[in-house]
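Notes follow the structure.
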Amino acid sequence: MSDEIKILKAEVKRLKTELSCLTPSLDLMLRRKGFNIYKKNPSGDLLIPDKKYRGEFYEKLKKYSFRIFLRDVIKYQDFFTLEGMTKYTTEEVSGEYLDFLLKMKISEQTGEGYRLKKLPVKSFGETLEWFTARLIRDGLQAETAWGVKFRGHQAGGDYDLLAKVDSSLLYMEIKSSPPKQIYDREVSSFLNRIDDLVPDIAVFFVDTELRMKDKIVPMFEDELKKRYGRPITAERLVKELFHIREKIFIINAKGGITANIRTVLTFIHHKEFTIT
C-alpha cells in the first residue's frame with residue numbers, strides 16, 4: 001500500500017507540474033490584472049544561512065518552537081544568553097537550537113553570551129515570508145513570490161506572499177508577531193489590498209498556536225461592519241481556521257502551516273464542485 005501511495009503522490013506532482021506549464025505564470029497573471037511587479041523577494045532583512053546549510057535550516061523552521069526561539073534571538077540580537085532564551089522552551093531545547101544557530105553560522109559568541117552575525121535585523125517577518133513561500137512552493141508545487149511591491153495602485157505596502165496555485169491567484173498576509181501585537185489597521189490594510197488586487201484566495205496567517213477567535217476574528221468582523229454597515233461574521237472551518245464568505249481565510253500555525261493551507265484549498269475545491 002505504501003508503494004501505491006508513493007506512486008500516486010508522484011503522479012499528482014507530475015500532473016500539477018504539467019498544469020502549471022499550461023497556465024499563465026504568476027507574473028503574467030498579475031500583469032493581466034494590471035499589476036506589474038516593481039520589487040519582490042527582498043533580502044535586506046532575510047536571516048538565512050549560506051546555501052550549503054539552507055536545506056537543514058529550512059527543515060528546522062518547520063518546528064514552531066524553533067521559529068519562536070529565532071524570533072526572540074532577533075529581538076535580543078546584539079547580546080543574548082542561553083538562560084535568557086528559555087521563555088518558551090526548556091533550557092535543553094534552547095541549547096540545542098543555539099548550537100544549531102552556531103553551526104549555521106547565524107550566531108556567534110561574544111563575551112559571556114551570543115549575538116547575531118548579521119546586524120541589524122529588524123524582525124523575523126522577512127524570513128518567515130521566505131520560509132512560507134518555500135513551503136507553498138514545495139508542498140503545493142506552486143509558483144511563489146514574497147515581499148511583492150507594485151506601483152501606481154490604491155493599496156500601499158507589501159503583498160507578503162503571492163502564489164499561483166494551479167490557475168488561482170493566492171494572496172497571503174503573514175504575521176510573525178503574536179495576536180496581542182496585531183492591530184486593526186493591519187486588518188484594514190489587508191482588506192484594502194484584497195479590494196485592489198481581487199485575488200481568488202486571500203489568507204491572513206498568524207504564526208501562532210494561540211486562538212484566533214479571541215482577538216483576530218473579532219477585529220475582522222468589526223472592520224467589515226464599519227465598511228459595509230452590517231454584521232459579516234467569520235465562520236469556523238475547523239479548529240482555529242475561519243473563513244469569511246468562502247473567500248477570505250484566517251489561519252494560525254497549529255497543526256502545521258502547509259496542512260492548514262491545504263485545508264483551505266480542499267474546502268475551496270469542495271465548494272466549487274457542488275450539485276444544486
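- At a threshold of 4.5 Å between side-chain heavy atoms, the hydrophobic network of Ile, Leu, Val, Met, Phe, Trp and Tyr places F190 and L237 in two separate groups.
- Heavy-atom neighbours of K118 NZ from other residues, nucleotides or ligands within 6.0 Å: above the threshold of 12.
- Of the charged side-chain nitrogens involved, at least one lies within less than 4.0 Å of a carboxylate oxygen, so that R67 and D207 count as a salt-bridged pair.
- D78 places a side-chain heavy atom less than 4.5 Å from the side chain of L119.
- Side-chain contact between I216 and K175 is absent, with no heavy-atom pair separated by less than 4.5 Å.
- A donor-acceptor distance shorter than 3.5 angstrom exists from the side chain of S94 to the backbone of M85, with no hydrogens or angles considered.
- The cluster map of Ile, Leu, Val, Met, Phe, Trp and Tyr, joined by side-chain heavy atoms under 4.5 Å apart, puts L82 and F69 in the same cluster.
- Linking Ile, Leu, Val, Met, Phe, Trp and Tyr residues whenever their side-chain heavy atoms come within less than 4.5 Å leaves L61 and I68 in two separate clusters.
- In terms of hydrophobic clustering, with Ile, Leu, Val, Met, Phe, Trp and Tyr side chains grouped at heavy-atom distances under 4.5 Å, I136 and I257 are assigned to a common cluster.
- Checked by atom type and distance alone, the side chain of H153 never pairs as donor or acceptor with a backbone atom of L197 at under 3.5 Å.
- Counting non-hydrogen atoms of other residues, nucleotides and ligands closer than 6.0 Å to NZ of K62 gives a total above 12.
- Between F204 and F220, a ring centre-to-centre spacing shorter than 6.0 Å is recorded.
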For side chain to side chain contact (heavy atoms under 4.5 Å, CB included), just list the numbers for I74 and L47, CA-CA rounded to whole Å, side-chain angles, deciding distance to a tenth of an Å, and then say yes or no. CA-CA 9 Å; I74 291 171; L47 188 64; 3.8 Å; yes

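- The local environment of CD in E92 is sparse, with at most 12 non-hydrogen atoms from other residues, nucleotides or ligands closer than 6.0 Å.
- Geometric assessment of K40 against the ring of F150 yields a negative cation-pi assignment under the 6.0 Å and 45° thresholds.
- Within the 4.5 Å cutoff, no side-chain heavy atoms of E173 are placed close to those of E186.
- Atom-to-atom distance recorded for L102:CG and Y97:OH is 15.0 Å, nearest 0.5 angstrom.
- The closest side-chain heavy-atom distance from I201 to L265 is below 4.5 Å.
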Does W130 form a side chain to side chain contact (heavy atoms under 4.5 Å, CB included) with W146? I'd like the steps, not just the answer. CA-CA 7 Å; W130 168 84; W146 76 90; 3.4 Å; yes

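- Side-chain contact between T208 and Y64 is present, with heavy atoms from C-beta onward closer than 4.5 Å.
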Working for side chain to side chain contact (heavy atoms under 4.5 Å, CB included), residues L241 and F267: CA-CA 11 Å; L241 280 60; F267 172 79; over 6 Å; no

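- Between the side chains of R227 and S188, at least one donor N or O sits under 3.5 Å from an acceptor N or O.
- No path of Ile, Leu, Val, Met, Phe, Trp and Tyr side chains, each step under 4.5 Å between heavy atoms, connects V165 with I194, placing them in separate hydrophobic clusters.
- The existence of a salt bridge linking K254 and E240 is excluded, since no basic side-chain nitrogen approaches an acidic carboxylate oxygen closer than 4.0 Å.
- T81 and G113 make their closest contact through CG2-CA, 4.4 Å (heavy atoms, listed as atom of the first residue, atom of the second, distance).
- With hydrogens and angles disregarded, a donor-acceptor distance shorter than 3.5 Å links the side chain of Y159 to the backbone of R193.
- Atom CD of E83 has more than 12 heavy atoms from other residues, nucleotides or ligands within 6.0 Å.
- Residue K33 qualifies as enclosed at atom NZ: its count of foreign heavy atoms under 6.0 Å is above 12.
- Remark: Y76 OH to L116 CG distance equals 13.5 Å, nearest 0.5 Å.
- Panel note: side chain D196, backbone A155; a donor-acceptor pair is recorded below 3.5 Å.
- The two atoms that bring R115 and F80 nearest to each other are CA-CE2, 3.7 Å, heavy atoms only.
- Residues T89 and S65 come closest through the heavy atom pair CG2-CB, 4.1 Å.
- Contact between K87 and D72 at its shortest, heavy atoms only, is CB-OD2, 4.5 Å.
- Within the 4.5 Å cutoff, the side chain of L101 has heavy atoms near those of the L70 side chain.
- In this structure, D45 contributes its side chain and S123 its backbone to a donor-acceptor pair below 3.5 Å.
- Rounding to the nearest 0.5 Å places CG of L140 at 13.0 Å from NZ of K164.
- S168 places none of its side-chain heavy atoms less than 4.5 Å from the side chain of H269.
- Across every non-hydrogen atom of L169 and P199, the tightest pair is O-CB, 3.6 Å.
- Taken to the nearest 0.5 Å, the CZ atom of R134 stands 8.5 Å off from the CZ atom of R54.
- The line from CG of D138 to OG1 of T258 is 8.5 Å long, rounded to the nearest 0.5 Å.
- A heavy-atom distance below 4.5 Å is not found between the side chains of T132 and T144.
- Looking at D222 and K226, no side-chain N of the basic residue comes within less than 4.0 Å of a carboxylate O on the acidic one, giving no salt bridge.
- Annotation for L26 and A163: closest pair CD1-C, 4.0 Å, computed over non-hydrogen atoms.
- Within 6.0 Å of OH on Y53 lie more than 12 heavy atoms contributed by other residues, nucleotides or ligands.
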Taking it one step at a time, do D27 and L30 satisfy side chain to side chain contact (heavy atoms under 4.5 Å, CB included)? CA-CA 5 Å; D27 185 63; L30 292 167; 5.5 Å; no

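- N252 places a side-chain N or O within 3.5 Å of a backbone atom of L210 that can act as its donor or acceptor partner.
- Taking CD from E129 and CZ from F124, the interatomic distance works out to 10.5 Å, rounded to the nearest 0.5 Å.
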